[in-house]
Amino acid sequence: MIHRHLPKESFIDPDGLSMLGEAFDEICRQRQIEAESEAAFVLAKQLLSLYHEGIHDRAKLLAMAGHPGQDLFAGTM
């Protein structure tokens, strides 16, 4: 459930939110990330950032944010 991680001032249309949620859930399942974990927060932030940069295609979001070799915490410290 990506909506838990949305900033209050953020607006995403319902279709975009649904697509982001599906991508978030799929990546969490694939990488065995708990929905309430720090890794899930970082993933949600990354997906939202990509979406706001104009990546609105689910497959592209999955490829860019869901790569199994990608360290979700790279660059967050």
Side-chain angles (χ1 to χ4, degrees):
M1 294 267 170
I2 196 169
H3 69 276
R4 291 177 225 181
H5 303 287
L6 286 174
K8 291 187 187 330
E9 67 279 354
S10 181
F11 175 79
I12 299 175
D13 65 73
D15 290 337
L17 186 57
S18 176
M19 185 268 305
L20 283 168
E22 290 171 7
F24 176 81
D25 291 343
E26 184 169 335
I27 294 168
C28 285
R29 261 191 315 278
Q30 289 175 351
R31 297 183 68 184
Q32 298 177 343
I33 297 172
E34 293 292 324
E36 297 296 325
S37 68
E38 179 67 17
F41 174 76
V42 173
L43 173 61
K45 187 174 173 181
Q46 183 180 30
L47 285 168
L48 291 168
S49 177
L50 290 167
Y51 186 85
H52 287 299
E53 288 174 16
I55 310 297
H56 294 181
D57 180 80
R58 182 177 175 274
K60 286 182 183 177
L61 285 170
L62 288 171
M64 294 175 83
H67 189 274
Q70 184 177 15
D71 180 6
L72 289 177
F73 293 100
T76 60
M77 300 286 171

- By side chain to side chain donor-acceptor pair (under 3.5 Å), which residues pair with Glu34, not counting sequence neighbours? none
- Message: Are Met19 and Leu61 packed together at the side-chain level, in the sense that at least one heavy-atom pair is separated by less than 4.5 angstrom?
- Response: yes
- Side-chain touch Leu48/Lys45, heavy atoms, less than 4.5 angstrom: no
- Task: Quick one: list whatever passes side-chain contact (heavy atoms from CB on, under 4.5 Å) with Glu22, sequence neighbours left out.
- Result: Ser18, Arg58
Rounded to the nearest 0.5 Å, what separation is found between the [atom1] atom of [X] and the [atom2] atom of [Y]?
X	Y	atom1	atom2	answer
Phe41	Gln46	CZ	CD	12.5 Å
Leu62	Ile55	CG	CD1	12.5 Å
Glu38	Ile33	CD	CD1	11.5 Å
Asp15	His56	CG	NE2	11.5 Å

Please report the closest heavy-atom contact between [X] and [Y], naming both atoms and the distance.
X	Y	value
Ala40	Ala35	CB-O, 3.3 Å
Ala65	Leu50	CB-CD1, 4.0 Å
Leu47	Leu20	O-CD2, 3.9 Å

